[in-house]
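Only one structure is covered here, and it is reproduced in the block below.
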Amino acid sequence: MVLAHVSTIHPIYFLSGLTLRNHYVLMYISYNIIIYNDLEMADVQRIVHVSINLATVAFSVGILFLGWSGLEHPTLLFAHPLFSDIFSTSFFTLNLATVPLSSVFLMTLGVLGVLSAIYGIGYGEVYRARFEGAWLDVGVFLFIAAMAVVFLAGNAFTFLFGWEMMSFVSYLLVVYESERPEVNMAGVLYLAMTQIGTVFLILAFYLLHQFTGSYDFAVFVHLARTLSPVLQSVIFLFTFVGFALKAGIMPLHIWLPRAHPAAPSHVSALMSGIMLKTALYGLLLVNLYWLSPTVWWGVLFIVLGGSSAVLGAFHATQETDIKRILAYSSIENMGLLFMVVGISIAAFALREWTIAGVALCATIYQAMNHAAFKSLLFHAAGSMIHGTHERSLNFLGGLLRRMPYTSIAMAVGLLSVAAVPPFNGFMSEWLVFLASADLARTNLHNVVGLFAAIALFALLFTGALVALMAARIFGVGFQGEGRSPGARAAHEAPFAMRLSLLMGALYALLLGLFPAFIVNALQLTLPEPLRFSPVHLWYTGNLFAISKLPFILLFLLVGGGFFVFLLLRLFIGKEQRHIAPTWTCGGERMAFMSYSATGFSQPVARTFRSLMIPVARGYMYRPAWDFVLKTAQYFRRIQNGSVRSYLVYLFVTVIVLLIVVR
Amino acid sequence: MMSLLQACFIVLFAPFLQGVIKRLKARMQGRTGPSIWQPYRELRKYFHKGAVVSDQASIVTRLVPYGQFALIFSAALTLPLFTVDRQTLLASGNLFLFIYLLGFARLLTALLGMDSGSAFGGMGVSRDLFVALLVEPTVFLAILSAGLLSKGFSFAGITLHLLSHPGQGLTLTTLLAAAALLMIVITETGRLPIDNPDTHLELTMIHEGAILDLSGRALGLMSLGAWMKQLLWISVFFDTCLPYGMATDTAPNDVLYGVIIWVGKVLLFGVVLAFIESVTAKMRLFTVPRFLTLALSLSLFALLSNYVGA
């Protein structure tokens with residue numbers, strides 16, 4: 001039994017030496033338990049699986065509290081030079097610290113970690129029969145730890161270490177179901193793209209080091225603003241490319257709609273919910289906290305972010321695979337976030353401090369919200385797949401009656417993503433609206449104002465597309481009648497998954513109900529000049545400030561509806577209802593009669609088909625790929641297979657090096 | 001307080017406007033037409049009748065009619081109708097709030113339409129959301145460009161600004177925005193040439209499709225909601241482009257005067273709607289985007305005129 005374990009070679013085995021050793025420890029423990037307690041192997045696996053996930057929960061709670069304390073008191077947790085006996089450079093210093101900005105992201109990571117680990121307890125059951133589920137759990141734990149390192153990093157080395165660790169572990173998690181052929185392809189593409197991004201990040205950090213003489217983020221904060229504007233722009237471009245790749249901003253997004261659906265659902269939730277935010281965190285850090293931005297950076301952000309938002313939302317209305325829809329929706333949300341960062345940067349450059357502050361606040365708030373509802377949506381999607389074994393909306397249907405908890409979670413998530421009041425998405429988009437509209441208003445007769453107005457247009461167009469997406473997922477997937485045997489025999493998720501779904505839904509709702517509290521807390525994270533008094537924000541003089549707005553809306557919605565119900569009930573009496581089959585023009589009813597997901601979005605596809613042209617593939621990736629192949633052809637000429645000529649190459653190289661170096 | 005009164009007024013007045021338009025339309029087409037009180041009678045009938053509910057229907061069908069009504073009522077609270085009250089009930093960036101409240105109502109209606117699993121519901125919902133894709137940004141841009149000169153983005157702010165600077169109503173920006181808004185109001189009220197409110201023909205219906213499976217109270221509430229929405233959009237048009245005659249305080253005399261002017265304006269708009277309905281033919285669904293992109297371009301030009309013009 002034990003041997004069978006070890007002999008199964010799986011990518012997760014390559015995690016690192018550390019985990020490999022863990023594995024043996026794990027095996028040893030389980031072996032002993034078997035001997036002494038007479039337990040079945042399955043039970044042992046189950047115990048290991050649950051305990052690793054519980055450890056992840058505990059770890060995430062720790063991160064949550066770390067973030068909580070770091071919000072008000074930035075602390076240096078750890079600083080220690082590594083390999084100081086081998087290298088004389090100060091580069092290899094492990095430096096972990098919290099700053100207010102990273103604290104917010106850490107708290108989000110903590111919450112999501114708890115939710116995903118609890119979810120994983122239930123979800124891992126599926127995998128336990130096929131591989132060792134424990135490896136998935138260890139992977140998730142390492143993934144969360146790596147992201148925590150990224151957020152805690154206090155210098156370039158720690159950041160890059162965490163970043164690479166995060167990319168690599170997430171790659172292994174993406175290819176976890178490697179018996180599906182498309183998964184391997186998605187994994188390779190993801191790994192390749194993310195490495196290209198890292199190259200740009202290393203270049204940016206190299207430049208920062210060259211001109212400030214340090215690797216410490218604390219030094220960058222003080223010195224980076226003094227660099228020449230051209231140099232700052234170059235650094236900006238490098239970080240922009242590097243982070244936009246990770247964030248899945250079009251046209252650098254091609255890995256995202258493949259990788260996110262390929263991973264197990266709670267990993268997708270973590271990837272979409274918080275891994276994409278590491279890119280946002282990096283961008284905010286570099287552009288708003290270190291460098292002093294110029295207007296065109298903001299414009300670049302607005303243009304690329306806005307087009308990503310619209311295109312991502314459009315594709316989200318066209319896909320039928322539930323997880324691909326959500327992946328495209330993540331691209332859309334990252335686009336929105338980039339757009340708001342653009343507003344903030346443009347306002348910063350124009351010295352409109354309040355607007356920049358509101359926009360930055362909106363960015364972070366929206367990022368928190370997106371993390372909350374996107375992880376909830378991925379969890380719900382995972383539970384749909386778990387309960388029906390169907391991924392395509394066209395073969396789902398009628399889940400509202402068979403999976404009530406999943407439906408509630410999905411409904412909350414979809415209403416949040418559609419940003420309807422008083423859900424959390426609405427509150428942050430309101431801030432986006434306020435900031436953009438103010439920038440548009442204060443810059444009349446200035447082109448920047450026009451870009452802010454265009455951002456608003458993108459916001460609204462995206463909003464309408466997302467509403468269509470939400471109605472499509474819920475209407476086709478959860479209402480009506482099941483379109484496949486799987487959907488008709490759907491069963492509700494196990495307890496741990498249900499618990500996680502309900503907690504996630506509650507978290508999303510809470511984020512929407514206390515906007516004023518959150519905005520006040522987020523004030524702490526803003527750079528000094530951007531702090532604004534909320535007086536500017538809520539246009540006081542109103543009877544009701546925004547802190548009460550969600551409750552008023554909730555009261556109007558629930559209370560108003562109930563009032564009408566009571567009124568009708570009291571004055572007219574109880575309604576007589578009787579059940580009858582849906583009218584089908586006299587024919588026999590079939591599940592496929594109701595609108596399918598493809599049919600639902602067909603008018604959109606037909607009208608906006610120009611948005612479907614694969615611009616990125618046709619004009620970027622295809623030529624780039626051709627170029628690589630062609631260059632390789634040239635290089636093949638010198639690779640003639642003869643040892644003698646290789647020796648000549650070596651010889652020439654050495655001589656050239658000697659001349660150059662000397 | 002005033003906004004609550006105005007919202008209640010919307011509830012009570014909306015069926016009347018519907019009746020007037022129907023009657024006028026019938027007259028223009030040479031028919032006698034139903035009485036202008038017919039919508040009230042219909043509501044009475046719906047509310048008293050029992051309901052037939054589909055066996056596929058879920059909790060959505062039971063809750064949504066009430067929720068949708070409450071949302072449209074909340075949206076009505078954000079609008080000034082016959083008096084501009086600075087202290088509107090909902091916070092003052094309310095242009096955004098208004099559009100999203102109605103968007104929520106639309107989303108709920110969509111879920112309601114899908115609930116019985118009927119093909120007609122899906123069709124109506126799909127079309128409704130499809131049309132909304134172009135409507136929402138357009139209406140937003142139009143109001144935004146008209147309101148860029150006023151402080152804050154509330155209807156109250158825009159209206160007050162126009163009332164205190166009447167000349168602003170004749171600028172290129174406002175005129176372009178007004179033209180775009182007019183087209184949107186026609187679309188949003190579900191009228192010809194976009195949608196035909198008088199038909200149950202599956203090839204043409206949009207809004208009717210979504211509520212085809214309803215009966216009884218649910219149908220009554222949904223119909224009332226649709227009529228209220230129609231009145232709301234007309235009021236939006238007047239608030240952003242022609243607020244003249246509106247009271248700026250809550251003195252009873254001024255308010256009364258404001259009510260009379262407002263009712264007059266709305267009825268006049270009803271005449272225009274009836275006229276347009278009588279002389280145009282229904283568009284095919286896929287020509288609707290052309291109509292709407294025209295409105296969109298108008299509102300884009302309205303926006304541009306803020307940045308390019310003098």
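Order of the sequence lines fixes the chain letters, A, B, ..., with proteins taken first and strands second; residue numbering starts at 1 for each chain.
Looking at B/A110, the atoms closer than 4.5 Å to chain A (heavy atoms on both sides) all sit in the side chain, from C-beta outward. Residue A/V558 does not touch chain B at all, counting heavy-atom pairs closer than 4.5 Å. For B/L111, the parts lying under 4.5 angstrom from a heavy atom of chain A are both the backbone and the side chain. Looking at B/L221, the atoms closer than 4.5 Å to chain A (heavy atoms on both sides) all sit in the side chain, from C-beta outward. Contacts between A/F423 and chain B at a heavy-atom distance below 4.5 Å involve the side chain alone, from C-beta outward. Proximity to chain B (any heavy atom under 4.5 Å) is shown, for A/L557, by both the backbone and the side chain. For a residue to count as touching a neighbouring chain, one of its non-hydrogen atoms must lie under 4.5 Å from one of that chain's; by this rule B/L296 touches chain A with the side chain only. For B/L144, the part lying under 4.5 angstrom from a heavy atom of chain A is the side chain only. When heavy atoms are compared at a cutoff of 4.5 Å, B/Y100 approaches chain A by way of both its backbone and its side chain. Looking at B/D115, both its backbone and its side chain come within 4.5 Å of chain A, counting heavy atoms on both sides. With a 4.5 Å cut-off on non-hydrogen atoms, B/V288 does not touch chain A at all. Only the side chain of B/I99 comes within less than 4.5 Å of a heavy atom in chain A; its backbone stays farther off.
For the atom pair B/S74 OG and A/F555 CZ, the distance stands at 10.5 Å (nearest 0.5 Å). For the atom pair CZ (B/F73) and CZ (A/F563), the distance works out to 8.5 Å, reported to the nearest 0.5 Å. Interatomic distance, A/F600 CZ to B/M123 CE, rounded to the nearest 0.5 Å: 12.0 Å. In this structure, CD1 in A/I454 is found 8.0 Å from CG in B/L300, a value given to the nearest 0.5 Å.
Minimum heavy-atom separation, A/I572 to B/H48: CG2-CD2, 3.6 Å. Shortest non-hydrogen contact noted between A/R401 and B/Q56 is NH2-O, 3.3 Å. Contact record, B/L303 with A/A453: CD2-CB, 3.5 Å, taken as the closest heavy-atom pair.
Counting heavy atoms from C-beta on, the side chains of A/V476 and B/M114 come closer than 4.5 Å. Contact check for A/P603 versus B/S126: side-chain heavy atoms found under the 4.5 Å cut-off. The side-chain heavy atoms of B/L77 and A/L556, taken from C-beta on, include a pair separated by under 4.5 Å. Two residues are said to be in side-chain contact when any heavy atoms from C-beta on lie closer than 4.5 Å; A/F461 and B/E136 fail this criterion. Looking at B/L71 and A/V420, their side chains never come closer than 4.5 Å, going by heavy atoms from C-beta outward. Side-chain atoms of A/R577 and B/R217, non-hydrogen and from C-beta on, never get closer than 4.5 Å to each other. Using a 4.5 Å heavy-atom cutoff, the side chains of A/L553 and B/L101 are in contact. With a 4.5 Å cut-off on side-chain heavy atoms, B/L107 and A/L415 count as touching.
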- Test log, rule ring-ring contact (aromatic ring centres under 6.0 Å, His included), inputs A/F433 and B/F140: CA-CA 11 Å; A/F433 160 74; B/F140 187 75; 5.7 Å; yes
- Message: Evaluate B/V53 against A/H578 for side chain to side chain contact (heavy atoms under 4.5 Å, CB included), listing each step before the verdict.
- Response: CA-CA 6 Å; B/V53 183; A/H578 67 261; over 6 Å; no
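Heavy-atom neighbours of A/Y405 OH from other residues, nucleotides or ligands within 6.0 Å: at or below the threshold of 12. Under a cut-off of 6.0 angstrom, the local environment of CZ in B/R290 is sparse, with at most 12 non-hydrogen atoms contributed by other residues, nucleotides or ligands.
Between A/F608 and B/F130, the ring-plane angle classifies as perpendicular under the 30° and 60° cut-offs. Note on ring orientation: taking the six-membered ring where Trp is involved, the planes of B/F96 and A/W430 are perpendicular (angle over 60°, cut-offs 30° and 60°).
In terms of heavy-atom pairs under 4.5 angstrom with chain B, the leader among A/A418, A/A411, A/G573 is A/G573. Options B/A51, B/A119, B/G50 differ in how many heavy-atom pairs under 4.5 Å they form with chain A, and the most are formed by B/A51. Across A/T317, A/V564, A/L456, A/L450, the residue that shares the most heavy-atom pairs under 4.5 angstrom with chain B is A/L450. For chain B, the option among A/F478, A/F426, A/F562, A/F474 with the highest count of heavy-atom pairs below 4.5 Å is A/F426. Annotation: maximal heavy-atom pairing with chain A below 4.5 Å, among B/S116, B/S58, B/A132, B/G67, occurs at B/S116. Comparing A/A470, A/G559, A/S601, A/A464 by how many heavy-atom pairs each has under 4.5 Å with chain B, the most go to A/A464. Ranking A/A440, A/A471, A/P421 against chain B, the residue ahead of the rest is A/P421, based on heavy-atom pairs under 4.5 Å. Counting heavy-atom pairs closer than 4.5 Å to chain A, the top-ranked of the candidates B/P137, B/P289, B/G216, B/A70 is B/P137. Here A/G561 is the residue among A/P422, A/G561, A/G560 with the most heavy-atom pairs under 4.5 Å with chain B.
In this structure, the ring of A/F571 has its center no less than 6.0 angstrom from the ring center of B/F47.
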